[in-house]
Amino acid sequence: MQKIQARYYTQGRIRKVRLLVIHSMEAPEKPTTAENVARWFATSSPRTSAHVCVDNNSTVRCVDDDDTAWCAPNANADGLHVELTGYARQSRSDWLDTFSRATLANAAKVVAAWAKKYNIPVVKLTAAQVAAGKKGICAHVDVTRAFPGTGSHTDPGQSFPWDVFIPMVKEELNGKPAKPATWSRTLVYTKGKTLMQGADVMEWQARMDALGYDIDVDGLYGPSSAETTRKFQGKAGVLKTGAVDKTTWKAAQKK
Ligand SMILES: [Zn+2]
């Protein structure tokens, strides 16, 4: 892993690691952002740092795990901090676009390695659990809420896809490659009904995305997903129903 030592940090630790804290950099989705933010920590930053910065194609070490980064008041002494390229204001589909999925995968590797090294359970803590001294994974905003008056940061934002990220960390930890979801039910959008959601929906959307269709990979099968499916079915010579039946699913795997 590339290393660019941050300027501001504290050598050593006064407490044991218990929190793995997720941040968004508030910097644009570019393949050089991890390096750029790391350089900023090394030179011109205000007095701040993080252990690791990630973007879609790189992971940059800024502060050693055994040292204390200056990243979130009240979670510095017992925290490890990873900065993800992106913004707290991002929507769920922003967090699940091609760039961010690669960023999440890189962050999941970092967090999984920490969980193993420090025996931290792979669970998303609430602010109350952070305040109660539990071990686990949390957002910067959970630290802010757990210790009122110590900061205002709300990253990585309300739409950060914890339901996607935590399983990615578990998969890393178990050493199993992410297994693509297979077809098990027909995905269909019905107006006025609760949207279907799940790993199979995300898998379908990611497949359409990979085939060049403009689709939000958000794990929710809504009207725009159905419309994309209809377009795909038209091109694939499958009946244009807008529903992903087994025939449609199979047709997309062949492409
Ligand atoms: Zn933060």
Side-chain angles (χ1 to χ4, degrees), residues 4-10 13 15 17-30 33-56 58-65 67-92 94-95 99-100 103-104 106-111 114-115 118 120 123-131 134-162 164-166 168-169:
I4 301 174
Q5 177 64 51
R7 184 170 174 194
Y8 296 104
Y9 68 102
T10 304
R13 283 188 176 275
R15 288 168 69 186
V17 171
R18 78 163 173 109
L19 293 174
L20 309 180
V21 189
I22 308 299
H23 302 257
S24 55
M25 287 172 186
E26 307 310 305
E29 290 192 333
K30 286 187 189 150
T33 298
E35 290 86 344
N36 289 342
V37 171
R39 265 181 229 116
W40 181 72
F41 282 149
T43 55
S44 58
S45 88
R47 299 163 70 83
T48 178
S49 59
H51 291 92
V52 174
C53 290
V54 297
D55 58 32
N56 68 325
S58 44
T59 301
V60 183
R61 163 71 63 181
C62 308
V63 174
D64 285 334
D65 291 346
D67 290 335
T68 305
W70 296 3
C71 206
N74 279 302
N76 286 334
D78 56 2
L80 281 159
H81 299 265
V82 58
E83 292 275 358
L84 278 68
T85 296
Y87 296 90
R89 63 168 185 267
Q90 287 184 174
S91 67
R92 181 176 171 83
D94 290 337
W95 275 118
F99 184 100
S100 285
T103 304
L104 291 173
N106 283 335
K109 287 194 181 90
V110 172
V111 171
W114 282 340
Y118 294 96
I120 307 288
V123 290
K124 167 64 175 64
L125 301 176
T126 61
Q129 288 169 325
V130 171
K134 296 264 188 284
K135 281 184 179 184
I137 301 168
C138 69
H140 190 170
V141 66
D142 298 317
V143 176
T144 303
R145 294 205 178 121
F147 307 105
T150 54
S152 59
H153 288 213
T154 59
D155 58 297
Q158 286 181 347
S159 302
F160 187 83
W162 292 103
V164 174
F165 183 68
I166 295 290
M168 281 171 124
V169 176

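First listed ligand is number 1; within each ligand, the first listed atom is number 1.
- Note on His140: counted as a metal contact of the Zn ion (ligand 1), an N/O/S atom lying under 2.8 Å.
- Shortest distance from the Zn ion (ligand 1) to His23 is reached at ND1 (N/O/S atoms only).
- More than 12 heavy atoms of other residues, nucleotides or ligands shown are found within 6.0 angstrom of NZ on Lys124.
- Using cut-offs of 30° and 60° for the angle between ring planes, the His23 and His81 rings count as tilted.
- Minimum-distance N/O/S atom of Asp155 relative to the Zn ion (ligand 1): OD2.
- In this structure, Cys71 and Asn76 have side chains that are in contact, with non-hydrogen atoms separated by less than 4.5 Å.
- The Zn ion (ligand 1) does not have Cys71 among its coordinating residues (no N/O/S atom, backbone or side chain, under 2.8 Å).
- Atom CD of Gln158 is surrounded by 12 or fewer heavy atoms from other residues, nucleotides or ligands within 6.0 Å.
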